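The structure appears right after this line, and notes come after that.
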Number of protein chains: 2
Amino acid sequence: MTSGPEWTIAQIADEFGVTHRTIRHYEDLGLVSPERRGTQRIFHRRDRTRLKLILRGKRLGFPLEEIRTIVDLFDAPRGRRAQLEYVLDQIDARRADLEQRLKDVQDAIAELGEFERSCRSDLDRLTPPTP
Amino acid sequence: MTSGPEWTIAQIADEFGVTHRTIRHYEDLGLVSPERRGTQRIFHRRDRTRLKLILRGKRLGFPLEEIRTIVDLFDAPRGRRAQLEYVLDQIDARRADLEQRLKDVQDAIAELGEFERSCRSDLDRLTPPTP
DNA sequence: CTTGACGCTTACGTAAACGTAAAGCAGAAT
DNA sequence: ATTCTGCTTTACGTTTACGTAAGCGTCAAG
């Protein structure tokens, strides 16, 4: 039941465009926990799923510690009602955060658009009028 | 012509919810350059505009050095054609970056939605059926 | 006139997120 | 048998983004 495709640290690092050190650092922080076969790390699909989430979290500027709580959320046991309600609360908090970011990005893109138009207008005025 | 409303560092820091140290740090990095009246810093509207951009950039996870180049872009001289074309290029680059982020945020929100539905469904199954 | 309230500089400290040797094991190839 | 190749740990170094004193100037109120 622990079977399925497997990857070495080199393959994972290469595929995700990070270094071995980065992966090990993430393991130190509990962001991933690959299987150990003897001394070597063996990565499974679960680890890849988490890594995708981690790297997206990073692109969005979340600190790794916060990313860990988020990623753990997805893997959390959902047996008891209390647990499920806690998870749902966390989801709401996360969504609020993300929606602030969404607004920030949208605003930034909009401002960039305005600025571009202003620049283009300057450029037009600079162009000698068609004779 | 250099007139208009003015603010002290305390007022600015308070209003933007950061510390004096943060403001001075931004000045060290050239992110803001308040007027100096004697030894004291006097902030004008221009500085506030830049600070808004800076803090949004931070919320979006950009490093301060990169933020500086972006903010400088808005204040860049736009006299010569070459300058304008350079600025327009930069705008395109920025926009590409922001649109990647936009996608990341949207994906994250969508996944959160899926996860929530899954949790709610678990919760429903946990609830004893209405007799 | 001295005591705060603010502001300034200088400078060392710190947390996060890795980078970068250094040194060693383990199996495969020459 | 030893030389690679790939993986491992340990541990100190580095960059970013400030925090946190230390020590001084200044102006107004008590």
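Since the model is a prediction, treat every value here as computed from it, not as a measurement. Below, chain A is the first sequence line, B the second, and so on; all start at residue 1.
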Quick one: is [X] getting a side-chain N or O under 4.0 Å of the [N] phosphate, OP1 or OP2?
X: His20(B); N: dG7(C); answer: yes
X: Thr19(B); N: dG19(D); answer: yes
X: Tyr26(A); N: dA17(C); answer: no
X: Arg37(B); N: dC8(C); answer: no
X: Thr8(B); N: dG7(C); answer: yes
X: Arg36(A); N: dT9(D); answer: yes
X: Thr39(B); N: dT9(C); answer: no
X: Thr22(B); N: dG19(D); answer: yes

Ala10(A) has a side chain; which of dC7(D), dA17(D), dG7(C) sits nearest to it?
->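 Nearest to the side chain of Ala10(A) among the choices is dC7(D).
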
Has the side chain of Arg41(A) got a donor or acceptor atom sitting under 3.5 Å from an opposite partner on the base of dT8(D)?
->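 Flag unset: no donor-acceptor pair detected.
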
Any donor-acceptor pair under 3.5 Å joining the side chain of Arg24(B) to the base of dT9(C)?
->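 Check fails, no donor-acceptor contact within cut-off.
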
Contacts of Glu15(B) that satisfy side-chain hydrogen bond (donor to acceptor under 3.5 Å, both in side chains) - sequence neighbours left out =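 By the side-chain hydrogen bond (donor to acceptor under 3.5 Å, both in side chains) rule, Glu15(B) matches Arg48(B).
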
With Phe115(A), which residues qualify under ring-ring contact (aromatic ring centres under 6.0 Å, His included), at least two apart?
->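 For Phe115(A) the ring-ring contact (aromatic ring centres under 6.0 Å, His included) partners, ignoring immediate neighbours, are Phe74(B).
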
Same cluster or not: are Ile12(B) and Ile42(B) linked, directly or through other Ile, Leu, Val, Met, Phe, Trp or Tyr residues, by side-chain heavy atoms under 4.5 angstrom apart?
->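 They do not share one cluster, since no chain of ILVMFWY contacts under 4.5 Å joins Ile12(B) to Ile42(B).
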
Base, sugar-phosphate, or nothing: which does Ile9(A) touch, judged by heavy atoms less than 4.0 Å apart?
->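 Answer is sugar-phosphate: Ile9(A) comes under 4.0 Å of backbone atoms only.
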
Can a cation-pi geometry be assigned to Arg101(A) and Phe62(A), taking NZ or CZ under 6.0 Å from the six-membered ring centre and within 45° of the ring axis?
->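 Judged by the rule (NZ or CZ under 6.0 Å from the ring centre, within 45° of its axis), Arg101(A) counts as positioned above Phe62(A).
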
